[in-house]
Amino acid sequence: MTAATQTYATSVTSDDLDYDIISNGPRSLESSIDDLGHVDTHDIPEPPPTEAAREKLKTVSLTAEDIQAYVQRALGASPIGQQRGDVDRRMMRVYVDGVYDGFHAGHALQLRQAKLSFVSVYLIVGVFGDDLCRQYDYPVTLPHLERYEVLRHCRWVDEVSPEAPWVVTEEFLREQRIDYVALDEGTSIDPDVDRARLQGYDVLKSLGRIIPTRRTSGLTEAARFVPTAPARPSPVVSKTEIKEEDTIPEPIDIYGIGI
């Protein structure tokens, strides 16, 4: 966005409202102008993956068409998803959140899928703050500043929300003009995700506001098993029980949220 556009945008007050086709509600003209600087998904340069990566990390080979067809099938599975039938004709605001302590290929490939989930996506990534992680007994090794910076430099990310809420609510989506939340398959059995967050995702799924991303298998143990708070029960197979030649079992949806 040019300096002239920035000057004009900041001169608009919050009382200047226009109808927002993105969130089906009112929005400020300032936020509308901000979206003009958005880079369409087709214009993002992406170096091709190596043959070794294609063989080991299956999600690197997913094309934008593959990802969008998968999302459309998921949305079409529910009546609410079918009601939002204009999703392929306008820019969608998609949200992903997490700790991102030790950013790895699995994180990057999920963000890639979120960014390519529709023809045009403005991707917002929320990073949990240090105080919030301590409040929920989630140990982190890197300070919030560094975790934020890593996301800010990811090619797929349009905006980073530094103080993401622990539980995503419908009110939060409305305030941030977010259309969908991208959620990795298998999240319902992930020991890094506590029950409060899962319940929030469950509500959003009932509203048709969740889109799935496919989890990347083949990652190293350091990426698959992130240290979590003690005494947090989980049916996930322990890393000591997985041999190098074994495959990770399909996730079981123990909380019934469908992802």
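Being a predicted model, the structure only gives us computed values, none of them experimental.
- Taking OG1 from Thr216 and NZ from Lys56, the interatomic distance works out to 12.0 Å, rounded to the nearest 0.5 Å.
- Atom OG in Ser120 sits 10.5 Å away from atom CZ in Arg90 (nearest 0.5 Å).
- In this structure, the separation between CG on Asp130 and CG on Leu145 is 9.0 Å, given to the nearest 0.5 Å.
- For the residue pair Gln176/Tyr95, the side-chain donor-acceptor check at 3.5 Å is not satisfied.
- A distance of 14.5 Å separates CZ of Arg209 from CG of Leu183, quoted to the nearest 0.5 Å.
- Note: the hydrophobic cluster containing Tyr100 does not contain Leu142 (ILVMFWY, side chain heavy atoms under 4.5 Å, direct or indirect links).
- Applying the salt bridge (charged side-chain N to carboxylate O under 4.0 Å, His left out) test to Arg134 and every residue at least two apart in sequence or in another chain returns Asp131.
- Listed by chain and number, the residues in a side chain to side chain donor-acceptor pair (under 3.5 Å) with Gln110 are Thr213 (sequence neighbours excluded).
- What you find for Cys154 and Phe103 is that their closest heavy atoms are SG-CZ, 4.5 Å.
- Judged as a side chain to side chain donor-acceptor pair (under 3.5 Å), and not counting sequence neighbours, Glu51 has no contacts.
- Among Ile178, Asp97, Val96, the one residue that satisfies the side-chain contact (heavy atoms from CB on, under 4.5 Å) test with Ile124 is Ile178.
- Tyr148 is linked by a side chain to side chain donor-acceptor pair (under 3.5 Å) to nothing, counting only residues two or more places apart in sequence or in another chain.
- Using a 4.5 Å heavy-atom cutoff, the side chains of Leu123 and Val125 are in contact.
- Annotation: side chain to side chain contact (heavy atoms under 4.5 Å, CB included) contacts of Val99 (sequence neighbours excluded): Asp101, Phe128, Cys133, Tyr138, Val140, Arg147.
- Taking the six-membered ring where tryptophan is involved, the planes of His104 and His107 are essentially parallel, since the angle between them stays under 30° and well short of 60°.
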For Thr169 and Val203, run side chain to side chain contact (heavy atoms under 4.5 Å, CB included): C-alpha distance rounded to whole Å, both residues' side-chain angles, the deciding distance at 0.1 Å, then the answer.
CA-CA 8 Å; Thr169 64; Val203 171; over 6 Å; no
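- Side-chain contact between Met91 and Val121: absent, with no pair of heavy atoms (C-beta onward) separated by less than 4.5 Å.
- Within the 4.5 Å cutoff, the side chain of Phe118 has heavy atoms near those of the Gln72 side chain.
- Considering only residues two or more places apart in sequence or on other chains, Gln135 meets the side chain to side chain contact (heavy atoms under 4.5 Å, CB included) condition with Leu132.
- In terms of the side chain to side chain donor-acceptor pair (under 3.5 Å) criterion, Arg54 has no residue partners (sequence neighbours excluded).
- For Glu149, the salt bridge (charged side-chain N to carboxylate O under 4.0 Å, His left out) partners at least two apart in sequence or on another chain are Arg152.
- Taking the charged nitrogens against the carboxylate oxygens, Arg93 and Asp179 have no contact shorter than 4.0 Å, which rules out a salt bridge.
- Taking the side chain to side chain contact (heavy atoms under 4.5 Å, CB included) definition, one finds that Gln199 meets it with Arg195, sequence neighbours left out.
- Scanning both residues, Arg197 and Trp166, for their nearest heavy atoms gives CG-O, 2.9 Å.
- Considering Val94, Asp158, Val157 in turn, Asp158 is the only one that fulfils the side-chain contact (heavy atoms from CB on, under 4.5 Å) rule with Lys115.
- The line from OG1 of Thr187 to CD1 of Ile210 is 9.0 Å long, rounded to the nearest 0.5 Å.
- Of all heavy-atom pairs spanning Pro162 and His144, the tightest one is O-NE2, 2.5 Å.
- Of all the heavy atoms in Trp156 and Leu116, the pair that sits closest is CZ3-CD2, 4.3 Å.
- In this structure, Tyr70 has no ring-ring contact (aromatic ring centres under 6.0 Å, His included) partners at least two apart in sequence or on a different chain.
- Considering every non-hydrogen atom in both Leu219 and Ala105, the closest pair reads CD2-CB, 4.0 Å.
- Separation of atoms CD (Glu159) and OG (Ser161) is listed at 7.0 Å; rounding is to 0.5 Å.
- The heavy-atom pair separating Tyr180 from Met92 by the smallest distance is CE1-CE, 3.4 Å.
- Arg214 pairs by the salt bridge (charged side-chain N to carboxylate O under 4.0 Å, His left out) definition with nothing, not counting sequence neighbours.
- Contact of the Arg112 side chain with the Arg155 side chain is not registered, since no non-hydrogen atoms from C-beta on lie closer than 4.5 Å.
- Applying the side chain to side chain contact (heavy atoms under 4.5 Å, CB included) rule to Glu175 yields the partners Glu171; only residues at least two apart in sequence or on another chain are considered.
- Between the side chains of Thr63 and Asp66, at least one donor N or O lies within less than 3.5 Å of an accepting N or O.
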